[in-house]
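Here's the structure we're looking at; comments come further down.
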Amino acid sequence: MTYLADVGALARKDLLLELRARDTLPAMLLFVLSTLVVFHFALPGNSSERAATGLLWVAIVFTALLGLSRAFAAEREQGVLDGLVLAPSDRSAIWLGKALSVLVFLGLAELVALPAFALLFAPVDGSMILGVVLADLGIAAVGTLLAAMAAASRARELLLPLIFLPLAIPIVVGGVGASVTENPARYVGFLALYDALFAIICWASFEYVVTE
Amino acid sequence: MSTWLRNNRLAALAALAFALVTASIALVFFYAPVDADGLNQKIFYFHVGVALTAYACFGWGGWKALRVLWKRDEDADLESYVAIHQGVIFGALTLVTGSIWARYRWGHWWEWHENQLVLFLVLFLFYAAYFMLRFSVPAGPRRANLSAVYALFGVALVPVSILAIRLSERFIHPVAFDRNGPNMAGSQFFTFCVSLAAMLALAATLYHVELAGKRIDVRLRELREALR
Amino acid sequence: MTTEEKYVAAAYLVIFAVVLAYVVIIALKLQRLERELTELAELARAKQEERKAVAVG
């Protein structure tokens, strides 16, 4: 399977780069912790755990945005993307490799954020963790494609939140539903549906984003 | 007659839109009965027509976007953009008329339980971002590709958002159609159909007018290049 | 006019106003196109006269 080997090589490249330069992940970790502290002071003293859970999802989406806006920074600065496009492999492998590395970053950031949330605000249960995992899949899939789009525009980092947030609204609906309601199954199912649908669209259309 | 029609398609379309809009306003105010809902019902005929027209515009824009990617059809880029522009205009109209209706019906200008309104807000934000994307990429095949991919995301976002909003809110928006067909009297349904046709014809006319303007722009630029 | 009637009128007024705003925008665009076309026509005429002058001279 050369396709999977390409994807693995691309994802490993990103992770190795991050391991050496350490310029995205520490920023994401610090950002998500600071956001949680800000939320503690933003919430009125007697507000419910449900409000805090909603704000956790805001923190997750904005942390993801922080990571995504850096996702194609190295490629753009070094002009790597043109080289990758010319390489004799399927273009969607570039998307899949990048989405995997984004997913790892997001997962690591939440490995810190969720215990911190449990410690500072409210307990975390299984359906919430499942919701976060599914939401991460969707965010990584859609976010990577949109980050590649934003990297091709003049506005760059400024554009990414604008094009990403409307598409992230269903993720937030599903995620918040999975974490606060009595009956999380249908929200979890909805998140899975979102992930599958948008992953297919992204996989099929990435080629057009990086070529003319 | 038929050659005249072929040469003056836009004029014929405009005449059709004019006739239908006039007819529908006349029907709404002088023919359709006022039911238990009161006069409020009269907003409904146009509000729903405008909303469905906005969906039609977004769908048309998505179809043209698909043609950009699939058939490498260069004209389709401009057509997709103009269709989405029309969709945003009609979407804004839906938000405003829906908001007036909500104020009348429930006493608030904005009702988060009103699924259609929330859906249109999400779509409005999404397509506003489409314009931001389009205006920050230099013109060319790359821009055509990026816009087309984003427009296709919009087509997927509509059903997903409907599902998300139905999941998250209780359902109080009056339903005009259910499994048993239209949920209203025959004369009301007729009025509604004419209003919908009127709005579709109006949108099609505005779409072609804008498209003609944009094409003239392109031709003028070519002429300028040729004369230089 | 009752409040009820006012809301109905407002909804229709909004649609009417938007269509009229569209007419204004198209009018502005037509004006600009006319200006550009005049400019181009003058340019074309100047070119033609230039060519004629070369042919005579």
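Remember, it's a predicted structure, so these values are computed and weren't measured experimentally. By convention in this document, chain letters (A, B, ...) are assigned in the order of the sequence lines, proteins followed by strands, and residues within each chain are numbered from 1. What's counted below: heavy atoms across the whole structure, side chains too, no hydrogens, waters or symmetry copies.
Per-residue counts of heavy-atom pairs under 4.5 Å with chain B were compared for A:V210, A:L197, A:V176, A:L193; the largest is that of A:V210. The candidate with the highest count of non-hydrogen atom pairs below 4.5 Å against chain A, out of B:A156, B:S161, B:G154, is B:A156. Of all the listed residues (A:G177, A:A152, A:A150), the one sharing the greatest number of non-hydrogen pairs under 4.5 Å with chain B is A:A152.
At a 4.5 Å heavy-atom cutoff, the contact between B:Y150 and chain A is made by backbone and side-chain atoms alike. Contacts of A:F206 with chain B are absent, with no heavy-atom separation under 4.5 Å from either backbone or side chain.
Put simply, the residue from B:L69, B:L146, B:V68, B:L152 that forms a side chain to side chain contact (heavy atoms under 4.5 Å, CB included) with A:Y208 is B:L69.
When side chains are defined from C-beta on, B:V137 does not count as touching A:R154, because their heavy atoms never get closer than 4.5 Å. Looking at heavy atoms from C-beta onward, B:R143 lies out of side-chain contact with A:S153 at the 4.5 angstrom threshold.
The CZ atom of A:F198 sits 5.5 Å away from the CG atom of B:L157 when rounded to the nearest 0.5 Å.
When the heavy atoms of residues 162-170 of chain A are compared with those of chain B, the residues falling under 4.5 Å are A:L162, A:I163, A:P166, A:L167, A:I169, A:P170, listed by number. Using non-hydrogen atoms only and a strict 4.5 Å limit, the part of residues 131-149 of chain A facing chain B consists of A:V142, A:L145, A:L146, A:M149.
Within a 6.0 Å radius of CH2 in B:W70, no more than 12 heavy atoms belonging to other residues, nucleotides or ligands are found. Counting non-hydrogen atoms of neighbouring residues, nucleotides and ligands closer than 6.0 angstrom, the OH atom of B:Y55 exceeds 12 such neighbours. Residue A:R76 places its CZ atom among more than 12 non-hydrogen atoms of other residues, nucleotides or ligands, all under 6.0 Å distant. Under a cut-off of 6.0 angstrom, the local environment of CZ in B:R224 is crowded, with over 12 non-hydrogen atoms contributed by other residues, nucleotides or ligands.
Among all heavy-atom pairs drawn from A:V173 and B:A164, the shortest one is CG1-O, 3.4 Å. Closest heavy-atom contact between A:T211 and B:R142: O-CD, 3.7 Å.
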